A.B. asks: 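Sharing a structure here in structure tokens format.
Start at 1 with the first residue, then count along the sequence. Ligands are counted one by one from 1 in listed order, and the atoms in each one are counted from 1 as well. Not measured: the values here are computed from a predicted model.
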Amino acid sequence: MTLAIDVKGLNKSFGDKHVVQDVELQLEEGRICGFLGPNGSGKTTTLRMLCGLLTPDSGEGRCLGFDILAQSEAIKRRTGYMTQRFSLYEDLTIQENLQFTARVYGLDRRRERVAEALRGLGLYERRNQLAGALSGGWKQRLALATATMHEPKLLLLDEPTAGVDPKARRTFWDEIHKLSATGLTVLVSTHYMDEAERCHEIAYISYGKLIARGTAESVIEQSHLVTLHGEGPGIDRLSAEIAARPGVEMAAPFGAALHVSGQDKAALEAAIAPWRREPFHWKEVAPTLEDVFIHLMGRSQDNYQ
Ligand code: ADP
């Protein structure tokens, strides 16, 4: 087993704000890890420390076998980084964007590489169009092509699909899986549950602290969350009333059903007792990843106050 990322004790403060606190992360080569957590919890800052764009205040470790403090240039050269804002030049053509990247990285066989990338994207015929004229999904695929043109070993994606429609997101994720199958390691921050489920593993960070880590199944299991699924006419309208009862951490409509979650099963049963009768029906179900994330968010907010 080779670890592409192996860091511990990462800390970073901006002024008196301690935004990344003792973060430890190991990720095996070729894996896709989803980085989740509320806004402002330190995901971008952690990604930037991993690829050498930002120096941690303390901490140590290796990325791609290189020391994160002493060999950040070597890590940078082997890392692809794509941010939410696409990192494209909208007033250059599609082809010019790729040519520009190829030059910045000092790549050999530039003409061939650019043509290969254009064909791979299915944009060869449209190569002379301005990148700014592409739809969101295409822009994002072009940005991915520019971020991977230098054949990085590690790909860091910071909310790459924010604001992109579900079909384009799916195509993008197919692409990510293809890249990971070639041995590329991917760390991707996202707010989308369907994307979290497509990752091999997940890291959940909240207020700078890594509070859950593992496969989706193991993160769900570690949460010790119990979820009751209720159905019946108008049950979704009971969410506020049930959410206010003791022992309920979350009561949220799921389509026409209601999911009620908490860690104490007896308290949950007591909370729904007034509605445990016809025409309502309840059963215990496995919590979804979304149930677990809402639970984790609530718990860390409590710790913070
Ligand atoms: P996330 O990616 O999870 O949304 P960030 O890592 O971007 O979180 O930010 C974590 C916190 O650090 C936020 O409160 C943000 O305002 C702050 N922060 C990030 N970068 C800087 C910076 N360069 N200077 C000052 N504060 C920053």
A.B. asks: Would you name the heavy atoms of Thr288 and His259 that are closest together and state the gap between them?
C.D. replies: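 Here Thr288 and His259 meet closest at CG2-CE1, 4.3 Å.
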A.B. asks: Do NZ/NE/NH1/NH2 and the carboxylate oxygens of Arg119 and Glu116 come within less than 4.0 Å?
C.D. replies: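 Salt bridge flag = no for Glu116 with Arg119.
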A.B. asks: Going by an N to O cut-off under 4.0 Å, is there a salt bridge joining Glu29 and Lys153?
C.D. replies: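 Salt bridge: no.
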A.B. asks: May I ask you to list the residues sharing a hydrophobic cluster with Met1, side-chain cutoff 4.5 Å, ordered by chain and number?
C.D. replies: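 Direct or chained contacts put Met1 with Leu3.
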A.B. asks: Is it possible for you to say whether Ile5 and Met49 belong to one hydrophobic cluster, with membership spreading through side-chain heavy-atom contacts below 4.5 Å?
C.D. replies: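 Ile5 clusters together with Met49.
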A.B. asks: Near ligand 1, which residues have a heavy atom under 4.0 Å away from one of its atoms?
C.D. replies: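 Lining ligand 1: Phe14, Lys17, Val19, Pro38, Asn39, Gly40, Ser41, Gly42, Lys43, Thr44, Thr45.
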A.B. asks: Distance from Ser58 atom OG to Lys8 atom NZ, nearest 0.5 Å?
C.D. replies: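 Those atoms lie 12.5 Å apart.
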